[in-house]
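To keep things clear, I will list the structure first and then write my remarks on it.
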Amino acid sequence: MNLADPRTFESDLAEFWRSTRAYNPVYRHEPHGFWVVSRHADVLAVYRDAAHYTSERGNVLVTLLAGGDSASGRMLAVTDGPRHRELRQILQRAFTPSALDRLTRQVRRNTRALIIDAVSRGDCDFAADVASRIPITTVGHLLGVPESDHDFLLTQTKRALSSDDRDSDELESSLARNEILAYFTDLLADRRTTPADDVLTALAATALSAEEIVLNCYSLLIGGDETSRLSMIEAVRALAAHHSQWDLLRNGDVTLLAATDEVLRWSTPAMHFGRTAIADTEISGHAIAAGEIVTLWLSSANRDESVFADPDRFDLRRTPNKHLAFGYGPHYCVGAQLARIEIAELLSALRKYSTGIEVVGEPRRIHSNFLTGYSTLPVRFVPDTAELY
Ligand code: HEM
């Protein structure tokens with residue numbers, strides 16, 4: 001099973017991960033020589049152990065295998081130690097309760113409008129027509145990107161990360177990344193002369209260099225767009241496939257909080273993250289040498305039968321739900337609360353305006369060894385006429 005090859009993820013790996021957790025939970029992946037960690041407890045242990053592991057040599061297979069990340073030490077996700085804490089404190093100011101309140105209202109308005117439109121039409125591609133438009137609008141508002149530029153950024157984000165297209169290559173991705181960085185460089189220059197009420201203006205007033213600001217805007221955009229989008233698409237796919245769960249949601253028999261966390265566990269859009277050992281250590285009795293790459297498979301940890309009863313059941317009432325979809329430890333997703341708001345608002349709008357969902361065409365999988373999910377999802381919504389008209 002070549003976990004570095006995006007094609008591996010075109011088929012369902014549930015059985016592979018089940019037997020890996022049972023018989024070979026920590027193993028060296030050949031070729032490449034990176035370690036694969038599949039159990040919830042071991043993933044947690046590595047995530048907690050900042051003394052033995054770093055993210056500064058990359059945090060996903062693509063950069064880890066390429067020998068590092070060019071934004072290391074400057075972009076939050078690939079910075080460690082005191083600098084990471086400083087950067088994180090600055091970026092966390094974007095997610096204060098009052099900022100999140102404001103974003104929640106914006107997400108609610110936008111999501112309801114999109115769902116009303118989709119439900120009224122009946123048939124749509126949920127991925128393109130709804131899910132694509134939610135995170136980009138949210139992160140766009142957070143950062144102060146004018147709405148007229150959201151489409152441009154969405155296109156570049158999709159090109160930069162993966163994933164919709166099997167034939168996309170590294171050159172294409174790096175061109176897209178450069179487009180995004182150039183975009184934020186221009187927007188930052190603009191905010192320095194014309195301040196606005198947004199995160200970019202706030203960042204411009206800190207001691208961060210222009211380069212650091214631009215890289216971290218890029219990281220909020222990349223971190224916040226595709227992951228949330230893929231979770232929302234999977235939420236609708238799962239709800240259409242599990243009628244009893246849809247009924248629970250629709251009848252208000254589950255809290256949006258619990259349902260949202262189950263959507264996150266079930267979808268786990270970021271399949272893995274990774275670290276490099278900076279000193280000799282061990283994981284469950286396996287010796288890990290300094291310099292070795294360790295990959296943490298969240299998609300496996302979130303189906304670990306020793307933590308989740310009946311893990312392959314989509315169960316919106318699941319509590320507790322100690323999923324690792326947002327990682328853990330110092331690099332725990334800084335946008336987790338925002339992502340939860342987006343998913344909860346989607347579930348809330350679906351149950352308000354629709355009485356049923358049916359998948360009416362073959363969904364298309366994305367192409368990536370890092371993210372998982374679908375780039376198209378043809379669906380038919382049954383409108384709740386009492387709410388709509
Ligand atoms: C970090 C997942 C949404 C921005 C992470 C990590 C995970 C993750 C697993 C840890 C990375 C590591 O261990 O190296 C997700 C999922 C999301 C989501 C599943 C949605 C369903 C968001 C949103 C934003 C965001 C909405 C911003 C608007 C970030 C950033 C980091 C991060 C900047 C780096 C944090 C740090 O290194 O301190 N995310 N994320 N993410 N995420 Fe998210």
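Sequence positions, counted from 1, serve as the residue numbers for this chain. Numbering of ligands and ligand atoms starts at 1, following listing order.
Less than 4.0 angstrom separates some heavy atom of His84 from each of these atoms of ligand 1: 36 (C), 37 (O), 38 (O). Less than 4.0 angstrom separates some heavy atom of Arg88 from each of these atoms of ligand 1: 35 (C), 36 (C), 38 (O). Residue-ligand proximity, Gly327 to ligand 1, at heavy-atom distances under 4.0 Å covers atoms 9 (C). Shown in contact with Leu220 at under 4.0 Å from a heavy atom are these atoms of ligand 1, numbered in order with element: 27 (C), 28 (C). Atoms of ligand 1 lying under 4.0 Å from at least one heavy atom of Pro269, given by number and element, are 19 (C). Heavy-atom proximity to Ser219, at under 4.0 Å, picks out these atoms of ligand 1: 33 (C). For ligand 1 and Tyr47, the ligand atoms under 4.0 Å from any heavy atom of the residue are 12 (C), 13 (O). Listed by number with element, the atoms of ligand 1 under 4.0 Å from a non-hydrogen atom of Ser231 are 21 (C).
Ligand 1 does not have Ala270 within reach: every non-hydrogen atom of the residue lies 4.0 Å or more from it. Using 4.0 Å as the threshold, Val78 has no heavy atom nearer than that to any atom of ligand 1.
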Under the side-chain contact (heavy atoms from CB on, under 4.5 Å) criterion, do Leu200 and Ile213 qualify, and how do the steps go?
CA-CA 8 Å; Leu200 202 55; Ile213 296 175; 3.9 Å; yes
Take His331 and Tyr47 through the test ring pair (Phe, Tyr, Trp, His ring centres under 6.0 Å) and record every step on the way to the result.
CA-CA 8 Å; His331 288 279; Tyr47 259 140; 8.5 Å; no
Step-by-step salt bridge (charged side-chain N to carboxylate O under 4.0 Å, His left out) determination, Arg7 to Glu10
CA-CA 5 Å; Arg7 281 172 302 186; Glu10 284 168 8; over 6 Å; no
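From the protein, the heavy atom lying nearest to atom 2 (C) of ligand 1 is Ala325 O, 3.4 Å. Protein heavy atom in closest approach to atom 34 (C) of ligand 1: Ala77 CB, 3.7 Å. Protein heavy atom nearest atom 15 (C) of ligand 1, with residue, atom name and distance: Phe326 CD2, 3.7 Å. Here the heavy atom of the protein found nearest to atom 18 (C) of ligand 1 is Thr227 OG1, 3.4 Å. Among protein heavy atoms, atom 32 (C) of ligand 1 sits closest to Cys333 CA, 3.7 Å. Residue, atom and distance of the protein heavy atom nearest to atom 26 (C) of ligand 1 are Gly224 CA, 3.5 Å.
Under 4.0 Å from ligand 1, not a single heavy atom of Thr79 appears. When non-hydrogen atoms are compared, ligand 1 lies under 4.0 Å from the side chain of Phe273 (C-beta onward) but not from its backbone. Residue Pro330 touches ligand 1 through its backbone alone, judged by heavy-atom distances below 4.0 Å. For Ser228, heavy-atom contacts with ligand 1 shorter than 4.0 Å involve the backbone as well as the side chain. When heavy-atom distances to ligand 1 are checked against a 4.0 Å cut-off, Leu264 comes that close only through its side chain, counted from C-beta outward. Contacts between Leu76 and ligand 1 below 4.0 angstrom, taking non-hydrogen atoms only, involve backbone and side chain alike.
For Asp261 and Arg265, the salt-bridge test fails: no basic side-chain N is under 4.0 Å from an acidic carboxylate O. A salt bridge does not link Asp186 to Arg191: none of the charged side-chain nitrogens sits closer than 4.0 Å to a carboxylate oxygen. Using a cut-off of 4.0 Å between Lys/Arg side-chain N and Asp/Glu carboxylate O, Asp117 and Arg121 are scored as salt-bridged. The pair Arg317-Asp253 does not meet the salt-bridge criterion, since no charged nitrogen lies less than 4.0 angstrom from a carboxylate oxygen.
At a threshold of 4.5 Å between non-hydrogen side-chain atoms, the residues Ile116 and Ser120 count as touching. At least one side-chain heavy atom of Arg112 sits less than 4.5 Å from a side-chain heavy atom of Ser348. At a threshold of 4.5 Å between non-hydrogen side-chain atoms, the residues Thr372 and Arg365 count as touching.
The closest non-hydrogen atom to atom 30 (C) of ligand 1, taken over Leu142, Leu338, Val334, comes from Val334.
Heavy atoms of other residues, nucleotides or ligands lying less than 6.0 angstrom from CD of Glu362 number 12 at most. In this structure, Asp197 places its CG atom where only 12 or fewer heavy-atom neighbours from other residues, nucleotides or ligands lie under 6.0 Å away.
The CD atom of Glu358 sits 11.5 Å away from atom CZ of Phe381, with the distance rounded to the nearest 0.5 Å.
Of the N or O atoms in Arg275, one or more lie within a sub-3.5 Å distance of an N or O in ligand 1. Residue His331 has at least one N or O atom closer than 3.5 Å to an N or O atom of ligand 1. Close N/O approach between Gly223 and ligand 1 is found [any backbone or side-chain N/O within under 3.5 Å].
What you find for Gln106 and Thr137 is that their closest heavy atoms are NE2-CG2, 3.3 Å.
Each of Arg351, Lys352, Arg250 was checked for a side chain to side chain donor-acceptor pair (under 3.5 Å) with Asp384, and the lone residue meeting it is Arg250.
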